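This report refers to the structure that appears directly beneath it.
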Amino acid sequence: MILRYILRRLAFLPLTLLLVALATFVVLRLTGNPVDIFLDINRTPEQVEALTKRLHLDLPIPAQFLIFLRDLLHGDFGESLQFSGSAATVVWERAGATFQLAGTALGLAVVLGVTGGIVCAVWRDRAADAVISSIAVAGQSMPSFWLGMLLIEFFALQLHWLPTSGYGDLAHLVLPAITLATILLPNFVLITRTSLLELMGEQFVVTARSKGFSRGRALLTHILPNAVNPVLSFLGIQIGTLMAGSIITETIYAWPGVGRLLINSIFHRDVPVVEAAVFFIATTIALSNLAVDVLQMLIDPRIRRA
Amino acid sequence: MTTNMTTSTMKSAKKKRRTLFGKRFKIGVGGAILAIAVLCAIFAPLLAPYDPDTQNLMLRLKPGFWSDKAVAGHFLGTDNYGRDLLSRLIYGSRLSILVGVASMLLSALIGSIAGVIAGLKGGWTEQAIMRFADAQMAFPDILLAILMVAALGGNAINLILVLGISRWMVYARVVFGLTRSLVQRPFVEAANLYGGGDFYVMRRHILPQVAPVLIVVATLQVAQMILQETALSFLGLGLPQPAATWGNILSEGNTRLFIAPWIANFAGLSIIALVWGVNMLGNGLREHYDPKMTGR
């Protein structure tokens, strides 16, 4: 049963990736002349000829797309133009740093966000709720890159507690992880608060309370277990935001991950690496969403039946 | 019956409880901030003390009013080329608001049309449109925007196009859900029976019902678009320098963080003030149109 569900969801994965492939192909190969995107102004005719051959630009467009797909299936994005080695390897070498940063940030955001949301819902409309909710709404308006700069100004330049940027020991991870977590944190606070408040008005909670359950017991046994799922499905949606945020965070802190590589490669016209990085990010998001769906189904029998 | 009564009275009692920030406060403050920003944008040439692009290399990186090293006339100090920061920020509001509002309108237009069509037609049309929206939803919008700007190049028109295309699904989903539930309502069925075509039903019955929700979503999206534009500028993929956009000023300030932190700070403050105001306005409007919804 569960296996069949997972298999059915897995069947959608190629479809998503096919759309990503199509989007990448359309954007990078069909808008304007690919030669202009891949090569700079000082190109030689030999370079143009080699590129035409490599990208099969002399073939009709559908055929180009099929060749592009075939290479994708082999994980072959071509050789990187600025690093030695294949684009896929170059991206894969940076993946660990991205996972380290994104994982830490997600953990921080979930733990702090859910705790904050619970506090807001339990003490609704009181001082704690007003303060936390207002900070959360303000946090949603904060450009993450500016927060990053403020943190650098304060903790690195003024207090000299933490390094301004770079990669290495745990101290290097602190500021980037906080910056990236802050992008997600307000959303988690507000979604947890809303789901809890909704549940508190439900009949079964009112019944439990009228049967003499204390507020705390009703919260633990009736409300929190039912709030896991809405928060989880929200987490699934936020994986995209997390990966997008990591592009910006990595750029601020010179974190050697896939996001910074992507931006760098765009400026160096290293299109094979750009394609590989986009695919890496899209695949990570799709697989994480799949994992969240499966987890939700394991937790909630209602989803299994639906 | 009695239990229903009690829960409903309990709920209404809860609703009456005063919150710290009422919807009037939110709409008032948010609207005021937005109005100030729009006025700045419109009257920039009158308000700005200097031309935003005039350089004065004698007065590079001078701090503003808070420092005794300040130069008279440059209230917020100057940047690396001796340009007046206040003037650049005032002019920057033009591009930020223009790009934010125009891309919101574009994505609202695409998304609403797609959503209404999917809701009215159903079947294969619905599947095609909504599955496509789902797929794009799973792909980070800024990644798509980065790719498109990298391919097309950054100018105001491209930026609006790119941002518009990257967010249409938000509207499509909302409008689709509402349209589908409306289509099954008796007054729409009656209109159909009287011979009202799809277009008539859409104009007369769907749009008026969808409009308030659309206004709320659109307002909140303007804030997102402004943030997105500054993020792209920060990554160096927005309008090319030396265009005075808040994102460009912020990104320039980033490279001078050590010697001239005020550049990044005032640009950041401008962005957060405007985005926070727009968010407040959107949340206030949401409470106004749909009092049942609290918080998010």
Side-chain angles (χ1 to χ4, degrees), chain A residues 15-16 19-20 23-24 27-28 31-32 37 120 124-125 127 129-130 133-134 137-138 140-150 152-153 157 164 187 190-191 193-194 197 201 203 206-207 210 237 239-245 247-248 251-252 262-263 266-267 274 278 281-282 285-286 289, chain B residues 3 6-7 10-11 14 17-21 131-132 134-144 146-153 223 226-227 230-231 234-237 246-247 250-251 253-254 257-258 261 264-265 267-269 271-280 283 293-296:
Chain A
L15 191 70
T16 315
L19 278 173
V20 174
T24 321
V27 170
L28 289 177
T31 51
I37 298 174
C120 281
R124 187 192 176 187
D125 291 342
D129 178 26
S133 297
S134 306
V137 175
Q140 281 182 321
S141 321
M142 183 92 178
S144 57
F145 39 95
W146 186 44
L147 176 79
M149 288 181 209
L150 286 182
I152 294 177
E153 266 179 52
L157 295 182
T164 52
N187 305 342
L190 296 175
I191 198 81
R193 179 181 182 271
T194 312
L197 286 179
Q203 296 268 342
V206 178
T207 312
S210 63
I237 300 171
I239 300 287
T241 317
L242 178 74
M243 295 306 286
I247 299 177
I248 289 168
T251 309
I252 306 172
L262 171 69
I263 298 296
I266 285 177
F267 288 123
V274 172
V278 168
I281 294 172
I285 294 170
N289 277 327
Chain B
T3 47
T6 39
T7 45
M10 265 169 54
K11 265 185 190 163
K14 234 180 212 168
R17 221 194 283 174
R18 283 189 61 96
T19 50
L20 197 67
F21 297 135
R131 291 300 78 75
F132 187 67
D134 287 347
Q136 200 184 325
M137 207 77 181
F139 193 69
D141 42 9
I142 190 136
L143 192 52
L144 186 67
I146 288 172
L147 273 182
M148 291 180 70
V149 174
L152 299 171
I226 293 173
L227 278 183
T230 53
F234 175 75
L235 293 174
L237 291 164
W246 289 351
L250 186 57
S251 130
N254 187 33
L257 212 50
F258 201 65
N265 288 350
L269 274 178
I271 296 168
I272 197 173
L274 178 59
V275 173
W276 184 78
V278 175
N279 271 336
M280 283 296 254
N283 286 335
M293 246 169 119
T294 44
R296 229 183 108 80

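Lettering follows sequence order; numbering is per chain, from 1. From a predicted model like this one, the values you see are computed outputs, not experimental measurements.
With a threshold of 4.5 angstrom between heavy atoms, Leu274(B) does not approach chain A through any atom at all. Contacts of Ile142(B) with chain A are made by side-chain atoms alone, with heavy-atom separations under 4.5 Å and no backbone atom involved. Neither the backbone nor the side chain of Ile237(A) comes within less than 4.5 Å of any heavy atom of chain B. Of the atoms belonging to Leu242(A), not a single heavy atom falls under 4.5 Å from chain B. Looking at Asp141(B), there are no atoms closer than 4.5 Å to chain A (heavy atoms on both sides), in backbone or side chain. Proximity to chain B (any heavy atom under 4.5 Å) is shown, for Ile239(A), by neither the backbone nor the side chain. Neither the backbone nor the side chain of Ala223(B) comes within contact range of chain A, judged by heavy atoms closer than 4.5 Å. Heavy atoms of Leu147(A) lying under 4.5 Å from chain B are absent altogether. Residue Ser133(A) does not touch chain B at all, counting heavy-atom pairs closer than 4.5 Å.
Heavy-atom pairs under 4.5 Å with chain B were tallied for Val278(A), Ile252(A), Leu150(A), Asn289(A); the largest tally goes to Val278(A). Chain A forms the most heavy-atom pairs under 4.5 Å with one residue out of Leu227(B), Leu143(B), Asn265(B), and that residue is Asn265(B).
Side-chain contact check for Leu237(B) versus Phe267(A): some heavy-atom pair is nearer than 4.5 Å. A heavy-atom distance below 4.5 Å is found between the side chains of Met149(A) and Leu250(B). In this structure the side chain of Ile266(A) never reaches within 4.5 angstrom of the side chain of Val149(B), judged on heavy atoms.
Between the CG atom in Leu190(A) and the CG atom in Asn283(B) there is a gap of 8.5 Å [rounded to 0.5 Å]. Residue Ile263(A) holds its CD1 atom at 4.0 Å from CD1 of Ile146(B), rounded to the nearest 0.5 Å.
The two residues Trp146(A) and Ile272(B) come nearest to each other via the heavy atoms CZ3-CG2, 4.0 Å. Residues Phe145(A) and Thr230(B) share a closest heavy-atom pair of CZ-OG1, 3.3 Å.
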